[in-house]
A.B. asks: 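Okay, handing you the structure first.
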Protein chains: 2
Amino acid sequence: MASPRRMGSPEAKNRAALLDAAEQIMLEEGYPAASSRRVAEKAGLKHQLVHYYFHGMDELFTAAFRRSAERGLRVQAEALKSAQPLWALWRWHTNSLNAPLWTEYIAMANHRKGLRAEISYYSKRFREEQRWIVDRALRSYGVDPDELPAVAAIVLLTSISRVLVMEEELGVPDGHAETVAIVERYLTKLEGEPTVG
Amino acid sequence: MASPRRMGSPEAKNRAALLDAAEQIMLEEGYPAASSRRVAEKAGLKHQLVHYYFHGMDELFTAAFRRSAERGLRVQAEALKSAQPLWALWRWHTNSLNAPLWTEYIAMANHRKGLRAEISYYSKRFREEQRWIVDRALRSYGVDPDELPAVAAIVLLTSISRVLVMEEELGVPDGHAETVAIVERYLTKLEGEPTVG
DNA sequence: GTCTATAATCAGATAGAC
DNA sequence: GTCTATCTGATTATAGAC
């Protein structure tokens, strides 16, 4: 049963402004601070407009995540075109500025099941896109797929980088330099020194 | 300037009950649901008692984290006595039931600076305790510390296991079996097959 | 699309009696 | 230690005018 309430179009400028504001607050103060009123205020709008553009906060957060994930997929697709896809994957994840945002979404997903399904769906899409490109690359480097399957290489690279970024933010850099050295030594063995472009 | 308010002793039974209740709610519904009123209710107490035992929610969360971290240090110390410390570390982190709780605390730390310092402090203590034991083990296995420093081995093991647990919860198990196989193959090469005890 | 106005609920915190 | 009572402010959400 559809809601009788009116609803703003997805293309509206103010809708995007609300999503921007939500993400900014989530980053600066954590997702519980991203209330309808504060989000609207940061967007320079009245708080009631949140309910005009979204059925509720759940829908707003889901929309924000989806938009951010779609952007990420486009950026990743571009990065994976590199002649050194492993380096590209590694660099992208270790530099990624929106890692903190993902942390917020994952924490939020613990009690917002709609968001949880969304994160699960996009995580799989990210991994699928990486998979065949990395698989092709590893084979061309002469890596035995039984020794190191592409999915495993991906999980390893992304896990390590994700935790490094997270700990860096927390101010716990112990062992990071040594770990990065090991990973990058291996990447160099496979793909050579990273090129700038 | 100290608060003039009265305060319950840290040994009080109800204080512990409040901490238990807070952790349980955090796990089930996420940390924003752990309000003073809901925590007290779950502990079977009146909500005003939260303010008798703690100066505020910040203090409650910090106390809950510290208690949980101290417990973790004791469990880890026991685990690291194993003849196979790397296996122990790996198994402990991949099975750890309180990984979700840590996710909550880390998300919370983004806007509660007291908690942030606490997490940083304990993360370092965990890593220090692991360090010399893993270092001694790796040397006894004949591993070159320049090739694989103990800190790096620790960061690698804990990063990978942490992300595996997190993704498992999200329902994204893709590539996990392959990754676990690679890690465990390496652990077996160093420490042999894991013993049950 | 955007506004005013309003309802219902919940939060953290404190004073003071018992 | 625990209670009643109370204060103050924030939150989501809706109806209906403009």
Side-chain angles (χ1 to χ4, degrees), chain A residues 1-22 24-26 28-64 104 107-108 111-115, chain B residues 1-22 24-26 28-64 104 107-108 111-115:
Chain A
M1 191 173 98
S3 159
R5 270 185 90 73
R6 293 182 297 161
M7 184 69 43
S9 91
E11 295 80 20
K13 194 182 64 183
N14 281 344
R15 202 188 116 109
L18 288 170
L19 296 181
D20 291 340
Q24 207 181 326
I25 294 175
M26 284 171 67
E28 292 166 358
E29 306 173 58
Y31 71 91
S35 65
S36 59
R37 294 175 115 94
R38 297 240 13 236
V39 165
E41 186 194 38
K42 172 144 279 184
L45 302 169
K46 298 284 178 180
H47 65 266
Q48 297 91 333
L49 285 184
V50 170
H51 301 286
Y52 172 69
Y53 286 107
F54 306 95
H55 278 117
M57 291 310 286
D58 240 82
E59 196 179 285
L60 183 149
F61 287 125
T62 306
E104 290 296 323
M108 222 188 299
H111 60 289
R112 300 204 184 232
K113 66 175 187 180
L115 191 54
Chain B
M1 191 173 100
S3 158
R5 270 186 89 74
R6 295 182 296 162
M7 184 68 43
S9 91
E11 295 82 20
K13 193 182 63 183
N14 280 345
R15 203 188 115 108
L18 288 170
L19 296 181
D20 291 340
Q24 207 181 325
I25 294 175
M26 284 170 66
E28 293 166 357
E29 306 172 57
Y31 71 91
S35 65
S36 59
R37 295 174 119 95
R38 296 238 15 233
V39 166
E41 186 195 37
K42 172 145 278 184
L45 302 169
K46 298 283 177 182
H47 66 264
Q48 298 90 332
L49 284 184
V50 169
H51 301 286
Y52 172 68
Y53 285 107
F54 306 95
H55 278 115
M57 292 309 287
D58 241 83
E59 197 179 285
L60 183 149
F61 287 125
T62 306
E104 290 296 323
M108 222 188 300
H111 60 288
R112 301 206 182 232
K113 66 175 186 177
L115 191 55

A.B. asks: Report the distance from atom CG of D20(A) to atom CD1 of I25(A), rounding to the nearest 0.5 Å.
C.D. replies: 11.0 Å
A.B. asks: Let's see if you get this right: which residues in residues 13-21 of chain A place a heavy atom under 4.0 Å from DNA chain D?
C.D. replies: none
A.B. asks: Can you give one letter per nucleotide of nucleotides 6-18 of chain D, 5' to 3': B if a protein heavy atom sits under 4.0 Å from the base, S if only from the sugar-phosphate, - if neither?
C.D. replies: -----BBBBS-B-
A.B. asks: So, for A12(B) and Y53(B), which heavy atoms are closest and what is the spacing to 0.1 Å?
C.D. replies: CB-CE2, 3.5 Å
A.B. asks: Any side-chain heavy atom of Y52(B) sitting closer than 4.5 Å to one from L18(B)?
C.D. replies: no
A.B. asks: Output the distance between atom CE (M57(B)) and atom CE (M108(B)), rounded to the nearest 0.5 Å.
C.D. replies: 9.0 Å
A.B. asks: If you look at every strand shown and take non-hydrogen atoms under 4.0 Å, does Y53(A) touch a base, only sugar-phosphate, or nothing?
C.D. replies: sugar-phosphate
A.B. asks: Using side-chain heavy atoms (C-beta onward) and a distance below 4.5 Å, is R15(A) in contact with F54(A)?
C.D. replies: yes
A.B. asks: Side-chain polar contacts of residues 31-43 of chain A - donor-acceptor pairs under 3.5 angstrom, sequence neighbours left out - could you list them?
C.D. replies:
residue	atom	partner	partner atom	Å
S35(A)	OG	R38(A)	N	3.3
R38(A)	NH1	E29(A)	OE1	3.0
R38(A)	NH1	E29(A)	OE2	3.2
R38(A)	NH2	E29(A)	OE2	3.0
K42(A)	NZ	E28(A)	OE1	3.1

A.B. asks: Rounded to the nearest 0.5 Å, what separation is found between the CG atom of D58(A) and the NZ atom of K113(A)?
C.D. replies: 10.0 Å
A.B. asks: Measure from NZ on K46(B) to C1' on dA11(C) and round the result to the nearest Å.
C.D. replies: 17 Å
A.B. asks: Write down the atom of L19(A), the atom of A63(A), and the distance for their closest heavy-atom approach.
C.D. replies: CD2-CB, 4.1 Å
